[in-house]
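Read the structure below first, then the notes.
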Protein chains: 2
Amino acid sequence: MVKMKRKENIEGCSVECTLNVLCGKWKGIIIFHLLKYGILRFSELQKLLKNIVTQRMLTMQLRDLEKEGIVSRHIYPTVPPKVEYFLTDKGKSLAVIIQGLNDWGSDYC
Amino acid sequence: MVKMKRKENIEGCSVECTLNVLCGKWKGIIIFHLLKYGILRFSELQKLLKNIVTQRMLTMQLRDLEKEGIVSRHIYPTVPPKVEYFLTDKGKSLAVIIQGLNDWGSDYC
DNA sequence: CAGGATCCGATGCGATACTG
DNA sequence: CAGTATCGCATCGGATCCTG
């Protein structure tokens, strides 16, 4: 459930709106780690996700988050290429929520 | 992205675990409304969702939430049938998170 | 009223291979 | 190293119809 953008807003409930940003495989963890480490290279993110995720998936999730204005990236024009990902202010504002999700998960899963 | 249960736990990150519970179309809003109203009949939930959701979908999401121990239901053996849904303690513990999601959505969407 | 049964399209997600 | 391109399946989710 990832790209299921919804335009209709259910009477003052913006819950789904936020979930649309967070739901998508690995997005939560990606933000979690970026909050923790600040800046991470593509390969570092992949390692943190224990190589469970394929490059393709990681790329897609990062692109989605970029579109939403949650993460941004800095590309070094070097060889071999080096790309760093970091949270935008909008992304950092998710800190409380991510922390809450993490805590709840620790308690109830 | 609803049934994508993940067993692997990424080094002390339980974020995805919670997202697995919340992600699924309408689950967030369902919990949001149950937090707000306490108890809701099937048909009341459907109206609150502005009839956007089909009975089938609403039923499925409620069954998922029930399996996770988030909601519970009380069936009145009457004709016509009457079924009430309400949050379990585990479900109520999501209040802070749901509120956070709602606030963030209001601010950034 | 609440919800089960079917059908069916959309897309989420994975595996694999290739490139500047 | 950090991607893009293809292929393919599983499942998510919508529409419709049926029932105790």
Side-chain angles (χ1 to χ4, degrees), chain A residues 1-8 10 16 19-30 33-34 39-68 71-86, chain B residues 1-8 10 16 19-30 33-34 39-68 71-86:
Chain A
M1 106 213 100
V2 176
K3 274 290 180 42
M4 45 181 191
K5 298 303 173 190
R6 216 159 299 127
K7 304 92 198 174
E8 332 88 11
I10 312 283
E16 299 299 306
L19 285 177
N20 279 335
V21 174
L22 297 178
C23 287
K25 217 156 181 177
W26 317 113
K27 282 184 189 171
I29 305 185
I30 290 173
H33 281 121
L34 285 176
I39 296 180
L40 288 171
R41 297 183 58 175
F42 185 88
S43 55
E44 290 174 328
L45 268 170
Q46 216 179 348
K47 280 176 196 165
L48 285 171
L49 298 178
K50 293 186 177 173
N51 301 311
I52 296 174
V53 75
T54 58
Q55 290 126 325
R56 173 190 143 86
M57 273 313 299
L58 184 51
T59 302
M60 288 180 66
Q61 304 297 308
L62 286 169
R63 292 291 172 281
D64 282 351
L65 291 173
E66 220 180 333
K67 276 182 195 163
E68 300 283 353
V71 306
S72 191
R73 58 175 166 162
H74 187 264
I75 307 173
Y76 294 87
T78 58
V79 176
K82 173 177 174 179
V83 180
E84 291 181 337
Y85 288 88
F86 53 94
Chain B
M1 92 183 270
V2 176
K3 276 289 180 42
M4 45 180 190
K5 299 302 174 193
R6 215 158 302 127
K7 305 94 198 174
E8 331 89 10
I10 310 283
E16 301 297 306
L19 285 176
N20 280 334
V21 174
L22 297 178
C23 288
K25 219 156 179 175
W26 317 113
K27 283 183 188 171
I29 305 185
I30 290 173
H33 282 122
L34 285 176
I39 295 181
L40 287 171
R41 296 184 57 176
F42 186 87
S43 54
E44 291 174 328
L45 267 171
Q46 217 178 348
K47 280 175 195 166
L48 285 171
L49 298 179
K50 294 187 177 171
N51 299 312
I52 295 175
V53 77
T54 59
Q55 292 126 323
R56 173 191 143 84
M57 272 315 299
L58 184 52
T59 301
M60 287 180 67
Q61 303 298 306
L62 285 169
R63 291 292 171 282
D64 282 350
L65 291 172
E66 221 181 332
K67 276 182 197 165
E68 300 284 352
V71 307
S72 190
R73 57 176 167 162
H74 187 263
I75 306 173
Y76 293 89
T78 60
V79 176
K82 173 177 172 179
V83 180
E84 290 180 338
Y85 288 88
F86 53 94

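Residue numbers start from 1 in every chain, and the chains themselves are labelled A, B, ... in the order their sequence lines are given, proteins ahead of strands.
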Exercise. Quick one: E16(B) CD to dG12(C) C1', roughly how many Å, whole number?
Worked result: 14 Å

Exercise. Between Y76(B) and E84(B), is any side-chain donor less than 3.5 angstrom from a side-chain acceptor?
Worked result: yes

Exercise. For the pair made of CD1 in I30(B) and C1' in dG13(D), what is the distance, rounded to whole Å?
Worked result: 13 Å

Seminar exercise, completed: Picking from dA15(D), dG13(D), dC1(C), the nucleotide nearest the side-chain atoms of Q61(B) would be dG13(D)

For this session: Work out which heavy atom in W26(B) is nearest to a heavy atom in M57(B); give both atom names and the distance.
Result: CD1-CE, 4.4 Å

Problem set entry | Nearest-Å distance for atom pair CG/C1', residues N20(B) and dC12(D) | 14 Å

Exercise. What's the CD-P distance between E44(B) and dG3(C), to the nearest Å?
Worked result: 13 Å

Exercise. Between dA15(C) atom C1' and Q55(A) atom CD, what is the distance in whole Å?
Worked result: 11 Å

Exercise. Quick one: is dA2(D) close enough that its OP1 or OP2 comes under 4.0 Å of any side-chain N or O from R63(A)?
Worked result: no

Problem set entry | Closest to side chain of R41(A), choosing from dG14(D), dC1(D), dT4(D) | dC1(D)

Exercise. If only side-chain N and O atoms of Y85(A) are considered, is one of them under 4.0 Å from the OP1 or OP2 phosphate oxygen of dG3(D)?
Worked result: yes

Problem set entry | Closest-nucleotide 5' rank along DNA chain D - winner of P81(B) and M60(B) | M60(B)

For this session: Provide the closest heavy-atom pair for L22(B) versus K27(B) in the form atom of the first, atom of the second, distance.
Result: O-CB, 3.3 Å

Exercise. Taking the nucleotide of DNA chain C with the closest heavy atom to each, which residue, F42(B) or R56(B), is nearer the 5' end?
Worked result: F42(B)

Exercise. Between M57(B) (CE) and dT11(D) (C1'), how many Å, whole number?
Worked result: 12 Å

Exercise. To the nearest angstrom, how far is E66(A) atom CD from dA2(D) atom P?
Worked result: 14 Å

Exercise. How many angstroms lie between atom CZ of F86(A) and atom CZ of R73(A), to the nearest 0.5 angstrom?
Worked result: 10.5 Å

Exercise. Roughly, in whole Å, what's the span from CG in L19(B) to P in dG12(C)?
Worked result: 16 Å

For this session: May I ask you to evaluate whether S43(B) reaches the phosphate of dA2(C), defined as a side-chain N or O under 4.0 Å from OP1 or OP2?
Result: yes

Problem set entry | Nearest to side-chain heavy atoms of V83(A), which nucleotide of dA2(D), dG3(C), dC13(C) | dA2(D)

For this session: Provide the closest heavy-atom pair for L58(A) versus V53(A) in the form atom of the first, atom of the second, distance.
Result: N-CG2, 3.7 Å

